[in-house]
Amino acid sequence: MPTRFWRASGRIDSDDSRAMTQFPDDYDPAEVESRLQQRWLDEETYRFDGDANDPDTAYVVDTPPPYPTGELHIGHALNWSYMDFAARFHRLQGDDVLFPQGWDCHGLPTEVKVEENEGIQRTDVPRDEFREMCVEHTRHQIDSMKETMRELGFSQDWNAEFRTMDPEYWGKTQQSFVEMADDDLVYRDEHPVNWCPRCGTAIADAEVEPIDREGTLHYVTFPGVDNDDIEIATTRPELLAACVAMAVHPDDERYDGREDDTFEVPLFGHEVEVVEDEDVDQEFGSGAVMICTFGDKQDVTWWAEHDLDLRAVFTEDGHLNGEAGDYAGLTIDEAKEAVADDLDAEGYLNDTEPTEQSVGACWRCDTPIEILSKEQWFVEVDKEAILERAEEVEWIPEHMHQRLVEWTEGMDWDWVISRQRVFATPIPAWECADCGHRHIATADETPVDPTEEPPAVGACPECGSDDWTGETDVMDTWMDSSITPMHLSGWPLDIDLDEFEPVSLRPQGHDIIRTWAFYTLLRTGELTGEKPWENILINGMVFGPDGNKMSKSRGNTVSPEEAVEEYSADAARQALALGGQPGSDVQFQWKEVKSASRFLTKLWNIVKFAAGHFDEDTPDIADPAYRDADDWIRSKATRVASDVEAEMEAYRFDAALRELREFAWNDLADDYVELAKGRLYNGRPGERDAARKTLYDVVSAVTRMLAPFSPHLADEIWQYLPGTEGSVHTADWPALDAYDEDVEARGEVIAEATREIRAWKSANGYPLNADLDDVELYFDPGSEVENVDTYDLSETINAPARVREGRPNVELVPVDVDGDDSEIGPEFRGDAGIVLQALNEADPAVIQAQKNSGDTITLEADGEEYELDADWVTVEEEYRAEGGEEVAVVETEFGTVLVYP
RNA sequence: GGGUUCGUGGUCUAGUGGUCAUGACGUCUCCCUUACAAGGAGAAGGUCGGUGGUUCGAAUCCGCCCGAACCCA
């Protein structure tokens, strides 16, 4: 086999199992991470070769296709880390994991960027040429984001990469459009839509963001026709020409009996009538408002409800049209000023005042949107069906479900899916130039660009003409991304719509619940009749080290590349995992990355120590004579593996990693390794083998469990462990099967005795490795553990250590009394507090005497007598060395330790 | 204005009714003991935002108040 990867030392071929003697002293993350990343790619370690549509064997991640901005930020890193933890964990569980990567290419920002880079307007060049420029630009953006994904060690299968701008993908978008049209879920109609005057396109509700700004409230007199004038308040005088009615609240006494009164619109002269509507805010301004077509969504509601005229005054590019008379041709802002001035000059303007207002703006360019009535393509929104499917999905965390419910319930318009742009999926439809009939493509003629090709149908089915005009409108990009689960499951080549099974996991941020999650529930749900996914994992946002939202202007941004360069991808990933439980926002903290990095070094050193005692036969050592310490760590490792597994299954990455780290550091490194050293260095062969085998099994288990979080270090360690093949990422979850409660209790005694004696040495000025004359362990009466194997303890504390029967030959002093709350509470109810207090104040010696002489304890408090079961009360006793004795007494959980220095 | 989430030692964080509240970072003391000083052994540090209630018992459940973030109008 050719040698492909060389370490800096040039001596090791990573394809070979490395001998223990070669274990490097130091871990060099920069070198290891990039080398392993290359190796995973070369060997296609994460290649998916299962059946994506088989829910019994496949674990499919509905990976977000990010918008190719060219920059993978730290929020992406959190989102993708969660996916990677889940994907890697499920691989270790033996599932067929499909972790793909898509790119949501289409959209306005790219068009704008390309126009900027090329110094052109999109209309300056032919559509296909402009589109090609966008594709080219997008390729570069994707490459740069992929590089960061690679540096972070994410385990996508790049064979499953998809780009929505590829015809193979957008053909599917078109096909899904056709399917929905066949079910009458897509229609074309004239309806008021949100319109961005700068981008020159319709946008959906989800694309409108509120922005706060200072406006001016104008008080304007509307002269009455054969009745009294009424003053209205408006922030938008430029809409006067579009005024079609005046509205007041039915309960507003100021306007009693004014319904149907007629008024003349100032400056423009047309007449409007008063309507009454409960939605009018009496507190605002004069309590009378003008209804225009359209100032905002409220106007649309009133317009429809009261069956008003339509007077449109805005053009698609944000100017006033001929309806506005003298003001035609002005921009909206110019008109606002000009109309206000003229109102003032003509005496209609009574007053103005500044006011805070919230206006809808285009989420891509922040330009305030207008509402225009336009003929557009719509997708029907079936709120009930969406809510029902959302209910079937498991939301993590659960409360994020509420966000979707609220958004869905608040939807009042269907989804406008047509955009008057270029770089997007073409709407596969044509209009007959002769009779106006609209024809939608059939599924088998997709992908098709109707501006380039005529429909397969040939002649118009209505009039027989073959003069077609291709639809130039394109689709909302969410039409592309809302079918990702279907795409991943192999539709339409491998499965039909009715064969679709929900994929395993949808991971995404809460900022796109109202878009990506909503539209996927709508589209994939409607098309397949199924919920799109089993679980949806919502991640929080990543805040800067100062606790604020990251922003360039605040200067508190941290890029994934920075964190990787400063420490390592493995450390950065751990820091993100521990930042909080999934769903909560994560404050990025360098100290977390640093402490993770230290843990990596620590683990490397643990393995370096362990590896020094391994040889090729270590994994196969059969039936070794385990001592208590071995059984203890084996049992604990078994329990940790089961706990970590449960946490990972529940997507509690923080809890899983925390438990794993504490086990590796506290139990394995601080306790077990220290206990086993005596046998490893000086034990007879049989004694050594038990410790070697134990060390091997536990190190191997820890390495595998850490692999989802820190895939590089884990895989590098794996290469050095004897008996391993290939990558740790193709290994199995640890199965030690050594859980034993009794043995764990015995091990705790040994570990605690070790700690206590070390603490005693520390407190008394002895070096940790000081020899002691003798150590005696006495168990408390009734202790669960009655004997332990002191061999390892003895080696570790450098002293003979024995378990002694009976009581230590020193003075025994009862020092404290404790009552069991969970027994005394329910028994004495309201008096429990008194009883507990009496117990605390009682003389421990008296209580002890009562315990010794019978099964009950009698207490007196507040003149009452209380009788307690003796088992509910614990008397704490301490042994005290008598003066002049050469012995120290150490109290522990399990009993008493006498130390003879 | 409606809704959701959150408030735990200096900082970040775990903990949904039961004895001394978890861990990390930071701080202090001692120690270079043959895996690791990016380490080891110890220590100090918290009225669990405030308040009222439910309960024998509340960081945990409920009400109100204060503060923060997000979603919606």
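Being a predicted model, the structure only gives us computed values, none of them experimental. Every chain is numbered from 1, with letters handed out A, B, ... down the list of sequences.
Asp671(A) places no side-chain N or O within donor-acceptor distance of the main-chain N or O of Ala751(A), the cut-off being under 3.5 Å.
Tested against Phe614(A), the residues Phe23(A), Tyr696(A), Phe609(A), Tyr720(A) include a single ring pair (Phe, Tyr, Trp, His ring centres under 6.0 Å) partner, Tyr696(A).
Paired runs in RNA chain B that reach 3 or more consecutive Watson-Crick or G-U pairs, where each pair keeps both distances under 3.5 Å, cover B:1-7 with B:66-72, B:10-12 with B:23-25, B:27-31 with B:39-43, B:49-53 with B:61-65.
For Ala655(A), the side chain to side chain contact (heavy atoms under 4.5 Å, CB included) partners two or more places apart in sequence, or in a different chain, are Glu647(A), Arg652(A), Arg658(A). Applying the ring-ring contact (aromatic ring centres under 6.0 Å, His included) rule to His76(A) yields the partners His73(A), Trp80(A); only residues at least two apart in sequence or on another chain are considered. Legend: residues meeting side chain to side chain contact (heavy atoms under 4.5 Å, CB included) with Glu283(A), ordered by chain and number and at least two apart, are Asp281(A).
Separating the P atom of rU55(B) from that of rG40(B) is a span of 49 Å, rounded to the nearest Å.
Sorted by first and then second residue, the pairs that involve residues 591-601 of chain A and meet side-chain hydrogen bond (donor to acceptor under 3.5 Å, both in side chains), not counting sequence neighbours, are Ser595(A)-Arg661(A).
Per the geometry, NZ belonging to Lys602(A) stands 11 Å off C1' belonging to rA37(B), to the nearest Å. We find that CG of Asp205(A) is positioned 16 Å from P of rC71(B), with the value rounded to whole Å.
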| Contact pattern, 5' to 3', of nucleotides 4-16 of chain B - B, S or - by protein heavy atom under 4.0 Å | SS-----BSSSS-
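The shortest distance between the side-chain N/O atoms of Arg598(A) and the OP1/OP2 oxygens of rA38(B) is not below 4.0 Å.
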